[in-house]
Amino acid sequence: MPSYNRTFELSIHDVDLIEEALRARGRELCKMRRALSDDNPADLQSVSVIEADQRENEELLGCLHNQKIFYRPGAAPYVSG
């Protein structure tokens, strides 16, 4: 039985492209959601599917964000701004 590859070799540029694609997908889902009306019962099923896709998209972006290591100097006290 095949198993999953648990190691990935992505560059920072690759991850940046993935994030940009997810953000573009999020914008498209937002446009689709705005085009549908909450008052129309025929649109309610589509609205719930789009909102589920938006939630999944945002969770994936959050996972990518949480795996980043942001620069913070270690030798001197860090002062933001």
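Heads up: numbering here begins at 1 and tracks the sequence.
With sequence neighbours left out, Asn5 forms a side chain to side chain donor-acceptor pair (under 3.5 Å) with Thr7. Listed by chain and residue number, nothing satisfies the ring pair (Phe, Tyr, Trp, His ring centres under 6.0 Å) test with His13 (two or more places apart in sequence, or in another chain). When the side chain to side chain donor-acceptor pair (under 3.5 Å) test is applied to Gln45, no partner is found at least two apart in sequence or on another chain. Shown here are the side chain to side chain donor-acceptor pair (under 3.5 Å) partners of Lys31, two or more places apart in sequence or in another chain: there are none. Listed by chain and number, the residues in a salt bridge (Lys or Arg N to Asp or Glu O under 4.0 Å) with Glu51 are Arg33 (sequence neighbours excluded).
Salt-bridge annotation for Glu28 and Arg23: absent, with no side-chain N of the basic residue lying under 4.0 Å from a carboxylate O of the acidic one.
When hydrophobic clusters are built by joining Ile, Leu, Val, Met, Phe, Trp and Tyr residues whose side-chain heavy atoms come closer than 4.5 Å, directly or via intermediates, Leu44 is not grouped with Val49.
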Between Leu64 and Leu22, does the side-chain contact (heavy atoms from CB on, under 4.5 Å) criterion hold? Intermediate values first, please. CA-CA 11 Å; Leu64 285 174; Leu22 287 170; 3.9 Å; yes

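Sequence neighbours left out, not one pair with a member in residues 54-63 passes side chain to side chain donor-acceptor pair (under 3.5 Å).
Here the straight-line distance linking atom CZ of Arg34 with atom CG of Leu29 works out to 12.0 Å at 0.5 Å rounding. Atom-to-atom distance recorded for Met32:CE and Asp53:CG is 7.5 Å, nearest 0.5 angstrom.
Within the 4.5 Å cutoff, side-chain heavy atoms of Ile18 are placed close to those of Leu10.
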